[in-house]
Amino acid sequence: MATPEAGGGIERRTIDVIPAGERHGTTRSQFTLWFGANMQITAIVDGALAVVFGADALWAIIGLLLGNVFGGAVMALHSAQGPRLGLPQMISSRAQFGVYGAALPLVLVVVMYIGFAATGTVLAGQAINNVLHVDAPAVGILIFGGLTAVATTVGYRFIHVVGRVATVVGIIGFTYLGLRLIADYDVSAVFGVRGFEAATFLLAVSLGAGWQLTFGPYVADYSRYLPADTPEKATFWSTFLGSVLGSQWAMTLGVVVASLPVSAGGIDFLTNQVGFMGDLAGGGAIALLIYLVIVVGKLAVNSLNAYGGFMTMLTVVSGFARMREVSAAARVLYISLFLGTSVVIAVFASADFLDNFKNFVLALLMVFTPWSAINLTDYYLVSKERVDVPALYDPKGRYGAWNATALGCYVLGVVAQIPFLAQKLYTGPVTEALGGADISWIVGLIFTAAVYYPLAKRTSNPPSAMILPGPAPVSAPVG
């Protein structure tokens, strides 16, 4: 019997396992989803930050590429878990942290999604206001919040459709903007102006890596409907290439436009990101189309943020309430709560957008790199892709309510990064010795994995084979 979601209606699955009969699609959908979600205005801003904070355009592009590649590989390893488990990413993390213990990083995940949703809503709202020729920021913000609510409520299948549309219009729109840049400005003059500086180069690497790593806590949510026999390599490469190519394209554009002198004419990108894109397009009807491209791109990624946000909230509540499924009414309630919060923040957002966004992204690295290190180390090296799925919903089961080993390593991984931080409110002593270079995320990944692996090998109790839900647990051999 077809489910509502399978027939194209509102998705009914949330935190429960996707049954084999409802699995569908190919890994090609992962490429278009992540390409479309990354080729958007906030990624342009992220790339621009590397120049704003001192990097030469050439070295900024190279640094962003390295960061995108490294962070994208970590992110795609999370995505490869989706088809095999059929679970939301944060539900599967109970295998490492415990049914209740997983809530600790989850609270921070929700904050991340709300922050990204709010910053994205600000930019998309500006684009909508430019289309409608209205000045009140709240108008565009509320309209975009409503569009995001619709996409998120309909769910998985519709979000993938938005991703495909965003991919097509993004390629067309961004190619056009790139050609206009070359035609209107002396682009070659922005390269080689400042020379190589280690601190700003590492900042660019961190911005690229941070962008990718923050997708880790929800990336498997969008591959979990794929058939269980989908090759892991295919899922990995489709996700990796879509995310890295889309983000690098947008970030490179951001590097170039942020490097242009204000005296070159037009609107200054650093003070009006959306307006600059319309001005670069040539104004008039073409500018309106570019604003729509911006809205579609932001809708693709904001739907991911809202969907991941409400799924994460459900994961926290369901762990303590012992729930396996959630009603449609509860789904709407959680989505409304999440989006309502992000819209309110967007309305009252600080005008100092670029500086706040840079610190927001880099701060997130501190709390999510240890989580990624623990999740990936356990899944691929300790448990070796063997998970007792029914036990993920039972605090008295194999994984228990709290996993002291994982939680302790997570806290250690966060604390170990403090001397390496380069934040507006605090700069660590090691960072000062390195001339301001922020390498905390590298420490967070390597240190946490190194501490967790030997402890988990001694204390973990993975099943001998994957245990799937059913009338009685059914074992499937490891592929």
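In this structure, Leu65 CG and Ser247 OG are separated by 9.0 Å, a value rounded to the nearest 0.5 Å. Atom CG of Asn461 is separated from atom CG of Asn403 by 11.0 Å, given to the nearest 0.5 angstrom. Residue Trp59 holds its CH2 atom at 6.5 Å from CZ of Phe201, rounded to the nearest 0.5 Å. Here the straight-line distance linking atom CG of Leu376 with atom CG of Leu381 works out to 9.0 Å at 0.5 Å rounding. In this structure, CZ on Arg84 lies 3.5 Å from CE on Met466, to the nearest 0.5 angstrom. Note: Met311 CE to Ile335 CD1 = 10.0 Å, rounded to the nearest 0.5 Å.
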- Item | Verdict with reasoning, Thr148 to Leu299, per side-chain contact (heavy atoms from CB on, under 4.5 Å) | CA-CA 6 Å; Thr148 305; Leu299 182 60; 3.9 Å; yes
- side-chain contact (heavy atoms from CB on, under 4.5 Å) between Phe97 and Leu104, intermediate numbers included: CA-CA 9 Å; Phe97 295 94; Leu104 174 62; over 6 Å; no
- Task: Quick one: do Val411 and Leu407 satisfy side-chain contact (heavy atoms from CB on, under 4.5 Å)? Show the steps, please.
- Result: CA-CA 6 Å; Val411 173; Leu407 290 169; 5.7 Å; no
- Show the numbers, then the answer: is there a side-chain hydrogen bond (donor to acceptor under 3.5 Å, both in side chains) between Ser243 and Gln212? CA-CA 8 Å; Ser243 191; Gln212 298 292 340; 2.6 Å; yes
- Message: Walk me through whether Leu181 and Leu253 qualify under side-chain contact (heavy atoms from CB on, under 4.5 Å).
- Response: CA-CA 9 Å; Leu181 264 179; Leu253 181 60; 3.1 Å; yes
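The two residues Met39 and Ala250 come nearest to each other via the heavy atoms CA-CB, 4.2 Å. In plain terms, the two heavy atoms of Leu64 and Gly47 that are nearest each other are CD1-CA, 3.8 Å. For Phe240 against Val69, the heavy-atom pair with the smallest separation is CE1-O, 3.3 Å. Contact detail for Asp221 and Gly308: the closest heavy-atom pair is OD2-CA, 4.2 Å. For the pair Ala456 and Thr405, the tightest heavy-atom approach, listed with the atom from each and the gap, is N-CG2, 4.4 Å. Across every non-hydrogen atom of Ala73 and Phe236, the tightest pair is O-CE1, 3.4 Å.
When the ring-ring contact (aromatic ring centres under 6.0 Å, His included) test is applied to Phe35, the partners found at least two apart in sequence or on another chain are Phe31. Looking at residues two or more places apart in sequence or on another chain, you find a side chain to side chain donor-acceptor pair (under 3.5 Å) between Asn375 and His78, Gln81, Gln96. Remark: Trp371 pairs with no residue by the side chain to side chain donor-acceptor pair (under 3.5 Å) rule, at least two apart or across chains. Among residues two or more places apart in sequence or in another chain, the side chain to side chain donor-acceptor pair (under 3.5 Å) test is passed with Ser238 by Thr27.
No donor-acceptor pair under 3.5 Å is formed between the side chain of Arg23 and the backbone N or O of Asp229. Side-chain atoms of Thr377 never come within 3.5 Å of backbone atoms of Ile374 as a donor-acceptor pair (strictly under, hydrogens ignored). Distance alone, capped at 3.5 Å, is enough to place a donor-acceptor pair between the Thr119 side chain and the Phe116 backbone. A donor-acceptor pair under 3.5 Å is formed between the side chain of Asn38 and the backbone N or O of Trp34. Gln126 places no side-chain N or O within 3.5 Å of a backbone atom of Leu123 that could act as its donor or acceptor partner. Checking side-chain atoms of Arg224 against main-chain N and O of Ile18 turns up no donor-acceptor pair under 3.5 Å. A distance-only check finds a donor-acceptor pair linking the side chain of Gln417 to the backbone of Met366 [under 3.5 Å].
No side-chain heavy atom of Ile128 sits under 4.5 Å from any side-chain heavy atom of Tyr291. Counting only heavy atoms from C-beta outward, the side chains of Trp441 and Phe70 approach each other to under 4.5 Å. You'll find the side chain of Ser223 stays beyond 4.5 Å of the side chain of Thr239, heavy atoms only. Residues Leu77 and Tyr379 are not in side-chain contact: their nearest non-hydrogen atoms beyond the backbone lie 4.5 Å or more apart. Residues Tyr393 and Arg94 form a side-chain contact, since some pair of their non-hydrogen atoms from C-beta on lies under 4.5 Å apart. Considering only heavy atoms from C-beta on, Tyr410 stays 4.5 Å or farther from Thr448 through its side chain. For the pair Pro227 and Thr230, the minimum side-chain heavy-atom distance is below 4.5 Å. Put simply, the side chain of Val293 reaches to within 4.5 Å of the side chain of Phe174, judged on heavy atoms.
The aromatic rings of Tyr307 and Tyr222 are tilted relative to each other, their planes meeting at an angle between 30° and 60°. By the 30° and 60° cut-offs, the orientation of the rings of Tyr218 relative to Phe215 is tilted.
Counted by atom type alone, Asp388 and Tyr399 present zero donor-acceptor pairs between their side chains at under 3.5 Å. Side-chain atoms of Thr252 and Gln248 include a donor-acceptor pair closer than 3.5 Å.
Evaluation of the side-chain hydrogen bond (donor to acceptor under 3.5 Å, both in side chains) test over residues 159-170, restricted to residues two or more places apart or in two chains, returns Tyr156-His160. Within the structure, side-chain hydrogen bond (donor to acceptor under 3.5 Å, both in side chains) contacts touching residues 170-179 (residues at least two apart or in different chains) are Tyr176-Arg180.
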